[in-house]
Amino acid sequence: MALHLTIHPDNPQVRLLKQAAQWISDGGLVAVPTDSSYAVAARLDDKDAADRLRRLRGLDERHHLTLLCRDLAEIGHFAKVDNRQYRLLKLATPGPWTFILEATREVPRRVSHPSRKTIGIRVPDHGVALALLEQVGSPLLSTTLIPKGEEDALNDPEEIGQRYAHELAAVIDAGACAQHPTTVIDLTGAEPAVLRRGRGDPASLGLG
């Protein structure tokens with residue numbers, strides 16, 4: 001049964017965040033609020049947790065999973081970023097964006113795209129998500145919490161707890177958040193390519 005952690009959105013209780021971080025460390029999947037929608041997150045170096053995360057969403061290995069990072073410096077540790085890419089990342093983060101970048105050797109092979117060796121990376125603009133990342137001390141492997149066969153992301157922590165009572169270790173309830181997935185931008189080509197339009201407006205980054 002997924003445990004329900006009610007955390008203040010502006011002043012997150014450190015005690016509860018440490019509890020959630022421990023569940024993740026122990027291999028659990030945790031539903032986390034972000035600035036776009038709820039995501040389900042796992043420890044980066046836990047293969048079993050990554051496999052369960054994919055099964056929960058019904059994703060194959062070719063679907064990009066996303067690293068939730070604390071800041072630009074952490075992005076640079078897990079993705080190869082040139083000057084052009086850095087300028088765009090600096091403009092967009094934190095925010096409701098996921099960027100596809102070439103993964104560094106710090107990213108486990110099973111996590112990156114099997115043929116392209118790329119990874120999705122983002123810095124969420126959400127106090128609770130960032131506070132959890134601080135407690136974990138490293139990026140979290142994540143994906144938007146969209147039920148199998150559906151198109152809309154979930155944003156109601158009560159519904160999430162009921163629907164995934166046996167798949168999740170915990171649901172972090174910081175209230176309802178936005179119900180739009182991130183905008184996904186591929187930065188690995190000669191020019192940025194918008195792969196999915198979500199909450200982030202590409203025009204705000206100078207993209208069509």
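Two residues are said to be in side-chain contact when any heavy atoms from C-beta on lie closer than 4.5 Å; Ile24 and Leu132 meet this criterion. Side-chain contact between Leu89 and Leu101 is present, with at least one heavy-atom pair separated by less than 4.5 Å. The shortest distance between side-chain heavy atoms of Ile172 and Pro33 falls below 4.5 Å. Residues Thr104 and His77 are not in side-chain contact: their nearest non-hydrogen atoms beyond the backbone lie 4.5 Å or more apart. Looking only at side-chain heavy atoms (C-beta outward), Leu44 and Ser138 stay at 4.5 Å or farther from each other.
A distance of 4.5 Å separates CG in Leu3 from CH2 in Trp23, rounded to the nearest 0.5 Å. Note: Ser37 OG to Asp152 CG = 10.0 Å, rounded to the nearest 0.5 Å. Leu65 CG to Thr144 OG1: the interatomic distance, rounded to the nearest 0.5 Å, is 10.5 Å. Atom CG in Asp26 sits 10.0 Å away from atom CG in Asp46 (nearest 0.5 Å). Here the CG atom belonging to Leu195 is positioned 8.5 Å from the CD1 atom belonging to Ile185, to the nearest 0.5 angstrom. The distance from atom CZ of Arg199 to atom OG1 of Thr34, rounded to the nearest 0.5 Å, is 8.5 Å.
In terms of hydrophobic clustering, with Ile, Leu, Val, Met, Phe, Trp and Tyr side chains grouped at heavy-atom distances under 4.5 Å, Phe78 and Leu72 are assigned to a common cluster.
Between Leu168 and Val171, the shortest heavy-atom contact is CD1-CG2, 3.9 Å. Smallest separation of non-hydrogen atoms from Ala31 and Ile160: CB-CG2, 3.9 Å. The shortest heavy-atom contact between Ser142 and Leu68 is OG-CG, 3.4 Å. Taking all atoms of both residues into account, the shortest heavy-atom contact from Leu17 to Ala131 is CD1-CB, 3.5 Å. Nearest approach of Val136 to Leu140, heavy atoms of both residues: CG1-CD2, 3.9 Å. The shortest heavy-atom contact between Gly127 and Pro12 is O-CG, 4.4 Å.
When the side-chain contact (heavy atoms from CB on, under 4.5 Å) test is applied to Glu167, the partners found at least two apart in sequence or on another chain are Leu56, Tyr164. Take His4 and apply the side chain to side chain donor-acceptor pair (under 3.5 Å) test, not counting sequence neighbours, and it matches Asp173. Annotation: side-chain contact (heavy atoms from CB on, under 4.5 Å) contacts of Glu191 (sequence neighbours excluded): none. Taking Ala42 as the reference, Leu29, Ala49, Leu53 meet the side-chain contact (heavy atoms from CB on, under 4.5 Å) condition, with sequence neighbours excluded. Under the rule for a side chain to side chain donor-acceptor pair (under 3.5 Å), the partners of Thr182 that lie at least two apart in sequence or sit in another chain are Thr98, Arg196. When the side-chain contact (heavy atoms from CB on, under 4.5 Å) test is applied to Leu130, the partners found at least two apart in sequence or on another chain are Val123, Pro124, Leu133. Every side chain to side chain donor-acceptor pair (under 3.5 Å) that Glu159 has, sequence neighbours left out, goes to Arg163. Annotation: side chain to side chain donor-acceptor pair (under 3.5 Å) contacts of Arg84 (sequence neighbours excluded): none.
Note on residues 65-83: pairs passing salt bridge (Lys or Arg N to Asp or Glu O under 4.0 Å), not counting sequence neighbours, are Arg70-Glu74, Arg70-Glu134, Lys80-Glu102. Applying the side-chain hydrogen bond (donor to acceptor under 3.5 Å, both in side chains) rule to pairs touching residues 85-97 yields nothing, sequence neighbours excluded. Among residues at least two apart or in separate chains, there is no salt bridge (Lys or Arg N to Asp or Glu O under 4.0 Å) pair with a member in residues 9-20.
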Report the C-alpha separation of Ile100 and Val184 in whole Å, then their side-chain angles, then the decisive distance to 0.1 Å, and conclude whether the side-chain contact (heavy atoms from CB on, under 4.5 Å) test is met.
CA-CA 7 Å; Ile100 307 301; Val184 180; 4.0 Å; yes
Given the rule in the side-chain contact (heavy atoms from CB on, under 4.5 Å) test, do Glu151 and Ile146 qualify, once you have shown the distances and angles that lead to the verdict?
CA-CA 7 Å; Glu151 297 182 357; Ile146 302 174; 5.7 Å; no
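Ionic pairing of Lys47 and Asp51 is present here: one or more N-O contacts between side-chain nitrogen and carboxylate oxygen are shorter than 4.0 angstrom.
A donor-acceptor pair is defined here as one N or O able to donate and one able to accept, closer than 3.5 Å; no such pair exists between the side chain of Arg54 and the backbone of Leu59. With hydrogens and angles ignored, the 3.5 Å screen pairs a side-chain donor or acceptor of Asn155 with a backbone N or O of Cys177. At least one donor-acceptor pair under 3.5 Å links the side chain of Arg52 to the backbone N or O of Gly27.
Screening Asp35, Thr183, Thr66 against Arg122 for a side chain to side chain donor-acceptor pair (under 3.5 Å) leaves a single residue, Asp35.
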